[in-house]
Protein chains: 2
Amino acid sequence: MARARIKNRIRELREASEMTQSQLAKLSGCTRQTIIMLEQERYVPSLSLAFAIADALNSPIEDVFEPE
Amino acid sequence: MARARIKNRIRELREASEMTQSQLAKLSGCTRQTIIMLEQERYVPSLSLAFAIADALNSPIEDVFEPE
DNA sequence: TCAATAAGTAAGAAATACTTGACATTTCGT
DNA sequence: ACGAAATGTCAAGTATTTCTTACTTATTGA
C-alpha cells in the first residue's frame, strides 16, 4: 500500500533507560533482531509490537513513534 | 510470537463521524475489506495503518486502539 | 590475551497483514 | 415493492513483518 514511513525513538529511549537491545527484546516479547531492524527503521512494527515496546520503554506510543 | 490482542473503537468512532466503511477506507488509504476485518477485530493492523485510521477518525491512537 | 557482552549483517522460513474480486444480505429511500 | 447503498462472507494471492540461525566486529574486564 506504500504507506507512510514512521520514525521512532527506540534507541534514544532504550539508552536513556540503560537497557541493552537484548533486554528490550525480552521485555517486549520479540527478538533482538527485531529491535535492531526497528532501531534502523528497516520496517514498521505491528501495532501490538508497538504497544509492547512503548510499554517496555514506559512511554506512550505517540512518544515513541511518529509518522513522517 | 502470540502477541496480545488489541481492541478498537473503529466502528464506534466511524459511526459517530457518520462515515461509511468505504469512506473510512479511502481516507485511511486501505480497502473496505481491511476496515471490515479490523472492526471485527480479526487482526491487528500495522502501526502505519493504525496511525492513518486514527488520523482519519480525528483521534489519537490510544483512543482508537487499546491492548487487552 | 582470553572470554564475555553488545551490536550488526544476512538469508530463509513462518506468520500475519492486506488486496482483489465475486457474490450474499441487510437497510433505507422513493 | 424496487433499486441502491452499506455491510458482510469467502477464497486466493501478494506484501510485509517477525523469527531463527549463524556468523562478524567492537568493547570491556579479568
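Computed over heavy atoms, backbone and side chain alike; hydrogens, waters and symmetry mates excluded. Keep in mind that what you see is a predicted model, and the values were worked out from it rather than measured. Naming convention: chains lettered A, B, ... in sequence-line order (proteins, then strands); numbering from 1 in each chain.
- Side-chain N or O atoms of Arg11(B) include none that pairs as donor or acceptor with a backbone N or O of Glu39(B) at under 3.5 Å.
- Judged by distance alone, the side chain of Ser17(B) and the main-chain N or O of Glu15(B) form no donor-acceptor pair under 3.5 Å.
- For the segment residues 13-22 of chain B, the set of residues with a heavy atom within less than 4.0 Å of an atom of DNA chain C is empty.
- Within the 3.5 Å criterion, the main-chain N or O of Ser46(A) finds no donor-acceptor partner in the side chain of Ser48(A).
- Between the side chain of Ser28(A) and the backbone N or O of Leu24(A) there is at least one donor-acceptor pair closer than 3.5 Å.
- Taking atom OH of residue Tyr43(A) and atom C1' of nucleotide dA11(C), one finds them 14 Å apart after rounding to whole Å.
- In this structure, Leu49(B) atom CG and dA15(D) atom C1' are separated by 14 Å, rounded to whole Å.
- Contacts of residues 33-41 of chain A with DNA chain C (heavy atom under 4.0 Å): Gln33(A), Ile36(A), Gln40(A).
- Between Gln23(B) and Arg42(A), it is Gln23(B) whose nearest contact on DNA chain D lies nearer the 5' terminus.
- The distance from atom CD1 of Ile10(B) to atom C1' of dA6(D) is 17 Å, rounded to the nearest whole Å.
- Looking at Arg5(B), its side chain never comes within 3.5 Å of a backbone N or O of Glu68(B) through a donor-acceptor pair.
- Side-chain nitrogen and oxygen atoms of Ser46(B) include none within less than 4.0 Å of the OP1 or OP2 phosphate oxygen of dA17(C).
- The backbone N or O of Phe65(A) sits nowhere less than 3.5 Å from a side-chain atom of Arg9(A) that would complete a donor-acceptor pair.
- At distances below 3.5 Å, at least one donor-acceptor pair connects side-chain atoms of Gln23(A) with backbone N or O atoms of Thr20(A).
- Judged by distance alone, the side chain of Glu62(B) and the main-chain N or O of Pro60(A) form no donor-acceptor pair under 3.5 Å.
- Side-chain atoms of Arg32(A) stay outside donor-acceptor range of the base of dA6(C), with no qualifying N/O pair under 3.5 Å.
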